[in-house]
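FYI, side chains are in, hydrogens and waters are out, and symmetry mates aren't considered; it's all heavy atoms of this structure.
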Amino acid sequence: MDAVISEVAPRDGLQSIGPFVATETKIELVRKLHAAGLRRMEVGSFVNPKAVPQMADTAAVLKAALELPGLESTVLAPNRKGFEMARDAGAHRVGVFMSVTESHNKANVNRTREESFADLSGIVRDAVASGMKVRFNLSCAFHCPFEGVVPERDALDWVERVVALDPTIEIAICDTTGNAAPDQVGRVFDHAIRSWPGADGKPRMAFHGHDTYGMGVANCAAAWEAGCRVIDSAAGGLGGCPFAPGATGNVATEDVAWLMRRMGVATGIDWAKLLQAADYAAAIPGALPGGRMRAVPAARAA
């Protein structure tokens, strides 16, 4: 089975940058990533611009993304208003999120987990009814900046609750701080995938990881070996959660693409064009690139 690399640089990769990135720059990044063969992309977030100023132009970026053939565009929505904006703007998929730990959920969205889950359950129901695809992100599923290592049973309990909402939604088990270990990732994904297959019998879990301690690629490999077939990454390794102290960039798309290539797994990505897109991302003012494979000559893709 092929790997689906879901590109998150336009949203997660840019959201923490202080200087506002020009809308034209964001759109060009989306276009370059699409030209490299990426066909799933998180292009922005309909969030209060006072909370995340960098995402104030999501509507314009989404509009441009929707013009690109074959690209599935995801928009993150923290609440019902964000979901309605995403739906009305034509996003193919809405991403909702909450944290596995109480402390991070309160820091991130100023709600208890039960409050978040109750609200998101209604959003999931309405999104599915409207024909939208849904991604339910469970943040801090492995480690929390406030509570430390998350017991695996706690993460799986929340996965099970999300599974019960609808058989068609995708569930992302997220290493928000980049502090997960490959054996931990492998056990959680193995249990989740064996216990709760999708409506078509295929895995419905995705992995979202950061590379704070240099274990991002190893964690991606562990998730893949456990049966996960959708992996998030950001060109250039951009990113970081403003509400997870110490977390650095996402796992670099070029690192994940190289990993899959070396394992003989198809991704549909043009290596040379991906390197160009990653270099473009890394050169954005204020960006903190973390990827390493950009230095690999394109000729090595042969």
Side-chain angles (χ1 to χ4, degrees), residues 4-97 123-124 126-137 169-170 172 206 208 230 232-236 238-239 242 250 253 268-270 273-274 276-278 280-287:
V4 176
I5 297 180
S6 181
E7 177 61 53
V8 301
R11 198 281 303 176
D12 202 7
L14 299 181
Q15 69 175 2
S16 299
I17 294 177
F20 186 76
V21 177
T23 303
E24 294 77 12
T25 301
K26 293 172 182 169
I27 291 174
E28 182 62 18
L29 175 61
V30 169
R31 288 172 175 162
K32 286 183 178 294
L33 291 165
H34 177 264
L38 288 151
R39 291 298 178 264
R40 276 189 60 172
M41 207 175 301
E42 194 175 74
V43 300
S45 177
F46 282 122
V47 63
N48 187 333
K50 292 182 179 179
V52 188
Q54 196 62 255
M55 295 290 102
D57 57 355
T58 289
V61 178
L62 174 61
K63 181 179 179 180
L66 292 174
E67 297 174 353
L68 299 173
L71 178 63
E72 180 185 296
S73 297
T74 298
V75 172
L76 202 69
N79 49 37
R80 177 162 292 276
K81 181 180 179 180
F83 152 63
E84 291 173 350
M85 293 175 68
R87 179 195 61 198
D88 295 345
H92 300 123
R93 186 184 296 268
V94 62
V96 298
F97 60 94
I123 293 174
V124 168
D126 294 347
V128 171
S130 71
M132 289 187 76
K133 296 179 180 179
V134 178
R135 153 77 77 94
F136 198 116
N137 298 280
I169 63 175
E170 181 177 273
H208 177 98
V230 180
D232 289 1
S233 60
L238 304 188
N250 294 273
T253 302
I269 289 176
D270 183 303
K273 290 182 178 178
L274 175 60
Q276 294 172 6
Y280 183 84
I284 293 174

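The shortest non-hydrogen separation linking Ala287 to Leu238 is CB-CD2, 3.8 Å. Contact detail for Ala89 and Leu62: the closest heavy-atom pair is CB-CD2, 3.6 Å. Looking at every heavy atom in both residues, Pro285 comes nearest to Ile17 through O-CG2, 3.7 Å. When every heavy atom of Leu71 is checked against every heavy atom of Leu38, the shortest pair comes out as CD1-O, 3.8 Å. Ala235 approaches Thr253 most closely through the heavy-atom pair N-OG1, 3.1 Å. In plain terms, the two heavy atoms of Leu66 and Gly90 that are nearest each other are CD2-O, 3.6 Å.
A donor-acceptor pair under 3.5 Å is absent between the side-chain atoms of Thr58 and the main chain of Phe46, judged by distance alone.
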Test side-chain contact (heavy atoms from CB on, under 4.5 Å) applied to Leu76 and Val47, step by step: CA-CA 8 Å; Leu76 202 69; Val47 63; over 6 Å; no

CA sep, side-chain torsions, deciding dist, call: Val21, Leu29, side-chain contact (heavy atoms from CB on, under 4.5 Å): CA-CA 11 Å; Val21 177; Leu29 175 61; over 6 Å; no

Derivation of the side-chain contact (heavy atoms from CB on, under 4.5 Å) call for His208 and Asn250: CA-CA 8 Å; His208 177 98; Asn250 294 273; 3.3 Å; yes

Arg135 and Asp232: CA distance, side-chain angles, deciding distance, side-chain contact (heavy atoms from CB on, under 4.5 Å) verdict: CA-CA 12 Å; Arg135 153 77 77 94; Asp232 289 1; 3.0 Å; yes

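Note that OG of Ser16 and CD of Gln54 are 9.0 Å apart. Values are rounded to the nearest 0.5 Å. Distance check, rounded to the nearest 0.5 Å: CG of Leu274 to CD1 of Ile5 gives 8.0 Å. The OH atom of Tyr280 lies 10.0 Å from the CG atom of Leu33; values are rounded to the nearest 0.5 Å. Distance check: Thr23 OG1 to Glu28 CD gives 13.0 Å after rounding to the nearest 0.5 Å.
Taking the salt bridge (Lys or Arg N to Asp or Glu O under 4.0 Å) definition, one finds that Lys273 meets it with nothing, sequence neighbours left out.
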For residues 80-88, dump all side-chain donor-acceptor pairs below 3.5 Å to protein atoms at least two apart in sequence or in another chain.
| from | atom 1 | to | atom 2 | distance (Å) |
| --- | --- | --- | --- | --- |
| Arg80 | NH1 | Asp126 | OD2 | 2.9 |
| Arg80 | NH2 | Gly122 | O | 3.4 |
| Arg80 | NH2 | Asp126 | OD2 | 2.9 |

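For the pair Ser45/Gln15, no side-chain contact is recorded, criterion being any heavy-atom separation below 4.5 Å from C-beta on.
Identified under the salt bridge (charged side-chain N to carboxylate O under 4.0 Å, His left out) test for residues 47-75, with sequence neighbours left out: Lys26-Asp57, Arg40-Glu72, Glu72-Arg93, Glu72-Lys133.
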